[in-house]
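Lettering follows sequence order; numbering is per chain, from 1. These figures come from a predicted structure and were not determined experimentally.
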2 protein chains.
Amino acid sequence: MAEQAFYSVHPKFHAAVDCIIFGFEEGELSLLLLQRNFEPAKGEWSLAGGFVEDGENIDDAARRVVAELTGLDDLYMRQVHTYGEVERDPGERVLSTAYYALVDIKKYDRELVRAHNAFWIKLPAIPRLIFDHNRMVQDALRFMRYQATVKPVGINLLPEEFTLTQLQALYEAILGEPIDKRNFRKRIAQMDYIEKTGGIDKTLSRKGAALYRFNREKYDGNFKI
Amino acid sequence: MAEQAFYSVHPKFHAAVDCIIFGFEEGELSLLLLQRNFEPAKGEWSLAGGFVEDGENIDDAARRVVAELTGLDDLYMRQVHTYGEVERDPGERVLSTAYYALVDIKKYDRELVRAHNAFWIKLPAIPRLIFDHNRMVQDALRFMRYQATVKPVGINLLPEEFTLTQLQALYEAILGEPIDKRNFRKRIAQMDYIEKTGGIDKTLSRKGAALYRFNREKYDGNFKI
DNA sequence: AAATAAAAGTGTACTTGCAACACTTTTTAC
DNA sequence: GTAAAAAGTGTTGCAAGTACACTTTTATTT
């Protein structure tokens, strides 16, 4: 299909990416959302989005959009879905591909986020968003939840070293239901790729809690047979 | 974001859809593939594809592409992934969204398929395809397999009435491994939305096998509580 | 120095779903 | 009537998951 004529009879469209950026804080999942502080549609909320540029891979466009907002460029990101309703963007026709990103909420660039008028909003308090962005959030949440039950992607929401209490709270937030402490710890103990660092965190308890880390080599080793 | 100037600084791209059309015959999954019978790239194989047109929903574009080839317009279809590598189409830059479709292989329009120089190819014999179409097939297969373990989507590959032996052969083809007959039938017996029609199929055995059908109302009722 | 408070950490019994496994029934064709 | 070919049918064992409550440790307070 290398004939120019073959392509030229077909229309072209803007290609956007919209990013559902998840964080985890105080036992709840949050999203990083932007509030427009200029007209039109001043005050309305949206996902972090942008357009795919010439010569730019679509995955790279999504990474760029997140990096421009957070300063972080090595995040865990996955494509969720492409939305192509004719009237989804009332301005012009735009096809948009949604990606989700997982952020350690301690690490992002606060200046950049402030400059973009972006805020972390806890999941139950997500406002009405522009266009079909609420649907994108629902789809991303469902997909992220599924992935979290299959692989330890959730760990990307925690700092490098974490306690089992934090990890349990994270999974409770992701799955939206309480988990039995003893059963949870039994399951984690079977995962040799979640290993004790030897360190102890005393910020959250008097007794102190053992710190753990994710060992990527061991994890990859387990599954790349 | 309703200002024209906001959009116009960004490039536009062709938006394609490519369809992985699954069928099931003689105990094996097949794909409906096209072989180019004209230059350039004469003889090369590809998925059924097409471009999204103005005023056309992207899902509708995928349905149109499959309908133009098979004559079938009410198939089970799901979006798989969007491929946006810069050089994925050596002609012009094209972003392509892959969909899979499930076809009752007895039902398609043979004239249309012949006119398009398309052929059913069994999965183990899939040839090298143009561009990134082999990767699309792998991704679609993985996604379809996952969905088949979660919901009875596979039934869309069978005729309205089917025997349990056919259904088991289908799931063996989808999952790529043999299934124990008694365990399989026990599991099916628990699904009240797979019900006996009362009919008997004698084409495949002397004894005759009970015919079953999928009851969509019962299925929806079970899960829409 | 003793009491208190607050989170970390630990084991067992029960239930349930999945996996392994082989023979009988029915009917047509020879 | 016998042979062939597919349909149909139950039980047992195992493993994974679930339910469930008390002890340990240490900083803070009195």
* Asked: Which one of B:Val103, B:Leu32, B:Leu141 satisfies the side chain to side chain contact (heavy atoms under 4.5 Å, CB included) criterion with B:Phe22?
  ->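 Looking at B:Val103, B:Leu32, B:Leu141, the match for B:Phe22 under the side chain to side chain contact (heavy atoms under 4.5 Å, CB included) is B:Leu141.
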
* Among A:Thr163, A:Leu164, A:Ile200, find the one that has a side chain to side chain contact (heavy atoms under 4.5 Å, CB included) with A:Leu211. =>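 Result for side chain to side chain contact (heavy atoms under 4.5 Å, CB included) with A:Leu211: A:Thr163.
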
* To do: Encode nucleotides 20-30 of chain D as B, S and - characters from 5' to 3', where the letter depends on protein heavy atoms closer than 4.0 Å: B to the base, S only to sugar-phosphate, - to neither.
  => BB--BBBBS--

* Just call it for B:Thr165: base, sugar-phosphate, or nothing, with non-hydrogen atoms closer than 4.0 Å on any strand. => sugar-phosphate

* To do: Using a 4.0 Å heavy-atom cut-off across all strands, classify A:Arg187 as base, sugar-phosphate, or nothing.
  =>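 No contact.
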
* Sub-6.0 Å ring centroid separation between B:Phe24 and B:Phe162 -> no

Measure from [atom1] on [X] to [atom2] on [N] and round the result to the nearest Å.
| X | N | atom1 | atom2 | result |
| --- | --- | --- | --- | --- |
| B:Phe184 | D:dA7 | CZ | P | 12 Å |
| A:Gln190 | C:dT10 | CD | C1' | 15 Å |
| B:Leu204 | D:dA4 | CG | C1' | 16 Å |
| B:Ile179 | D:dA7 | CD1 | P | 15 Å |
| B:Glu177 | C:dC18 | CD | P | 14 Å |
| B:Leu164 | C:dT25 | CG | C1' | 16 Å |
| B:Arg185 | C:dA22 | CZ | P | 18 Å |
| A:Ile200 | C:dG9 | CD1 | C1' | 12 Å |

* **More than 12 heavy atoms of other groups within 6.0 Å of B:Lys196 NZ** =>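 Not more than 12 within 6.0 Å, no.
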
* Do you see a donor-acceptor pair shorter than 3.5 Å between the side chains of A:Tyr99 and A:Asp18? ->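 Per modelled atom types, A:Tyr99 and A:Asp18 side chains form no pair under 3.5 Å.
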
* Step-by-step side-chain hydrogen bond (donor to acceptor under 3.5 Å, both in side chains) determination, A:Gln166 to A:Tyr171 -> CA-CA 9 Å; A:Gln166 284 177 290; A:Tyr171 272 85; over 6 Å; no

